[in-house]
Number of protein chains: 2
Amino acid sequence: MLSTGLPQGTVPKLERPGPLRERVYDALLELITSRALRPGQHLVETELAGHLGVSRQPVREALQRLSTEGWVDLRPAQGAFVHEPTEEEADQLLVVRALLETEAARLAAGNASGRGIQRLKDLCAVGEDAVREDDVDAVVAANAAFHAEVMSQAGNAVLAELAAQVDQRVRWYYTPVARSRGMQSWEEHRELIDAVASQDEAAATRIMRAHTEHTRASYHERADRAEADA
Amino acid sequence: MLSTGLPQGTVPKLERPGPLRERVYDALLELITSRALRPGQHLVETELAGHLGVSRQPVREALQRLSTEGWVDLRPAQGAFVHEPTEEEADQLLVVRALLETEAARLAAGNASGRGIQRLKDLCAVGEDAVREDDVDAVVAANAAFHAEVMSQAGNAVLAELAAQVDQRVRWYYTPVARSRGMQSWEEHRELIDAVASQDEAAATRIMRAHTEHTRASYHERADRAEADA
DNA sequence: ACTCAGTAGACTGTAGACGATAGCCAAAAG
DNA sequence: CTTTTGGCTATCGTCTACAGTCTACTGAGT
């Protein structure tokens, strides 16, 4: 056992660098999702390496991973290009996410625990507060936290991992909609909590399916509007 | 237009090596799934490189990718270890695969086309022939092909990609069961074809869910039996 | 038996070099 | 004038070598 005599938390836990490839990965993902790197753009290894102050190797490993997760396309002997999203792919991602989230809700209802219900209620309250204060960023964050909690209570790590991947990509396509939509969906969250609390798997399934379907509809509304404008 | 005057196919089209990391990836995946590399085993980069006759770099990139797909665990500053499957994870994978396959069946029913139905019937016939001839390998292959065809007809690339990943991992845990199970499930395949042909999404969903549930049950039977033996 | 410094093995990252490949463009051939 | 050829450039794919660092083990000393 450690017995340094120091109170916990006083030592700043000198920053562990962690594998460099991880940080490069994070940095690139941030650049892509923030659209600083635009879809279709050619990512030159040496440029990225120079820009980030590292050598080519960590960059290559990060690109490798980004490629398996669908963020960049790796063309042999040409290099990495930021993936270009399409309407079709966006819709497919929404379908899959809806499927995964719905299953998570069902499983969560099967595993309902008092503590878990309370956590969901707390997160819901946080979200509703944020709505009242018109703090869009906080609403979006609370919404993500709520869904993550449901996913966690489903108790299926494989499901959670896939959902996390899909979710992040959806969010990339979808950022503008999420902001307008987040403001109006908290009533459905309450209904879901009731269903989970009463261990009603059918109701949880139905509510989550409707919830995700609304999301998908609002995505399409927006896409159609954008198309009409053009 | 090409006009070499050469009849097609006479030129052997000298093999292009393709990126080395791909071949290393394929080789390692084969070694893992064939259990030549055992779960928990430490994969030393230099050893693999030497054994495969390549340098460390392609090995590292292959390991990177295997790690994102769950085949190996990458512990920082220690290296790569073949992922150790657990009963819990196997069950979670089966749940997720069932979910994805069921959705695929539903979508396929919505997209039913004459040509597609015919392809499914053909594959089904191939499988039944293999059963009659007691060719277990052919049965397993036909079963995989049938499910892949359903997935393809669902017309959702994202879904298909996730399913392919999950499916391969399931198969790793599951190989012995698949062999005994494959022999008895072709009647359900016929039922599924009927449901798809009549565009009955509800029936397709129900049948595929039952089908995957049977699979899961036989997995657990076997796991329980193995536990009882031990 | 326990502690702890030292050491070996392995990973992580850097640097430089070389051949291979795709895309482009100008010059030569028909 | 059109097509083909050849060469040029940027970049990738790979290899080699080396330095830094982490982990786990070992063994002496208490």
Side-chain angles (χ1 to χ4, degrees), chain A residues 1-6 11-28 31 37-38 40-68 71-84, chain B residues 1-6 11 13-28 31-32 37-38 40-68 71-84:
Chain A
M1 186 55 197
L2 290 173
S3 61
T4 59
L6 291 170
V11 180
K13 197 181 186 177
L14 50 95
E15 57 169 306
R16 260 193 247 177
L20 203 47
R21 56 165 177 268
E22 297 286 337
R23 287 187 289 169
V24 173
Y25 169 86
D26 291 339
L28 290 180
L31 287 173
L37 298 173
R38 277 178 298 180
Q41 183 171 347
H42 186 186
L43 304 179
V44 178
E45 294 174 1
T46 53
E47 281 180 17
L48 294 177
H51 196 276
L52 296 170
V54 301
S55 73
R56 270 175 68 201
Q57 182 131 339
V59 172
R60 286 176 62 92
E61 287 173 4
L63 288 175
Q64 195 71 26
R65 181 167 162 201
L66 288 167
S67 144
T68 72
W71 294 103
V72 307
D73 298 319
L74 235 43
R75 305 186 207 157
Q78 289 190 62
F81 297 79
V82 179
H83 181 72
E84 302 199 50
Chain B
M1 184 55 196
L2 290 172
S3 60
T4 59
L6 290 170
V11 181
K13 198 180 187 178
L14 49 93
E15 54 169 306
R16 256 191 255 178
L20 205 45
R21 57 161 179 272
E22 296 289 335
R23 286 188 290 168
V24 173
Y25 169 85
D26 291 339
L28 290 180
L31 288 172
I32 292 174
L37 297 174
R38 278 179 297 181
Q41 184 171 347
H42 186 184
L43 302 178
V44 178
E45 293 176 1
T46 53
E47 283 179 16
L48 294 177
H51 196 276
L52 296 170
V54 300
S55 77
R56 273 176 55 213
Q57 188 133 336
V59 173
R60 291 179 63 167
E61 287 173 8
L63 288 174
Q64 195 68 30
R65 181 167 161 202
L66 288 167
S67 140
T68 71
W71 296 104
V72 307
D73 299 319
L74 238 42
R75 306 185 206 156
Q78 288 191 63
F81 297 78
V82 179
H83 181 72
E84 302 200 50

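Lettering of chains follows the sequences in order, A, B, ..., and the numbering in each one begins at 1.
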[X] has an atom [atom1]; how far is it from atom [atom2] of [N], in whole Å?
X       : N      : atom1 : atom2 : value
A/Leu20 : C/dC11 : CG    : P     : 18 Å
A/Glu22 : C/dG13 : CD    : C1'   : 14 Å
A/Phe81 : C/dG23 : CZ    : P     : 9 Å
A/Leu74 : C/dA22 : CG    : P     : 15 Å
B/Leu43 : C/dG9  : CG    : P     : 19 Å
B/Arg21 : D/dG13 : CZ    : C1'   : 8 Å
A/Glu45 : C/dA22 : CD    : P     : 16 Å

(request) Please determine which of B/Leu66, B/Leu48, B/Leu63, B/Leu52 meets the side-chain contact (heavy atoms from CB on, under 4.5 Å) test together with B/Val24. (result)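 Only one option passes, and that is B/Leu52.
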(message) Just checking B/His42: does its NE2 atom have more than 12 heavy atoms from other residues, nucleotides or ligands closer to it than 6.0 angstrom?
(response)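 Yes, enclosed.
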(request) Would you please confirm or rule out a distance under 4.0 Å between OP1 or OP2 of D/dA10 and any side-chain N or O of A/His42? (result) no
(message) Using 0.5 Å steps for rounding, measure from the CD atom of B/Glu84 to the CD atom of B/Gln41.
(response) 11.0 Å
(message) If I take atom CH2 from residue B/Trp71 and atom CG from residue B/Leu43, how far apart are they, to the nearest 0.5 angstrom?
(response) 13.5 Å
(request) Grab the two heavy atoms, one from B/Phe81 and one from B/Gly40, that are nearest each other, plus how far apart they are. (result)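 Between these two residues, the closest heavy atoms are CD2-O, 3.6 Å.
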(message) Name the residue from A/Arg56, A/Arg23, A/Arg21 that meets the salt bridge (charged side-chain N to carboxylate O under 4.0 Å, His left out) definition with A/Glu61.
(response)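 One option only clears the test, and that one is A/Arg21.
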(request) Give one of base, sugar-phosphate or nothing for A/Leu63, where a contact means two heavy atoms less than 4.0 Å apart. (result)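 No contact.
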(request) Taking only heavy atoms on the protein side, list every residue of residues 47-62 of chain B lying under 4.0 Å from any atom of DNA chain C, sorted numerically. (result)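 Only B/Arg56, B/Arg60 qualify.
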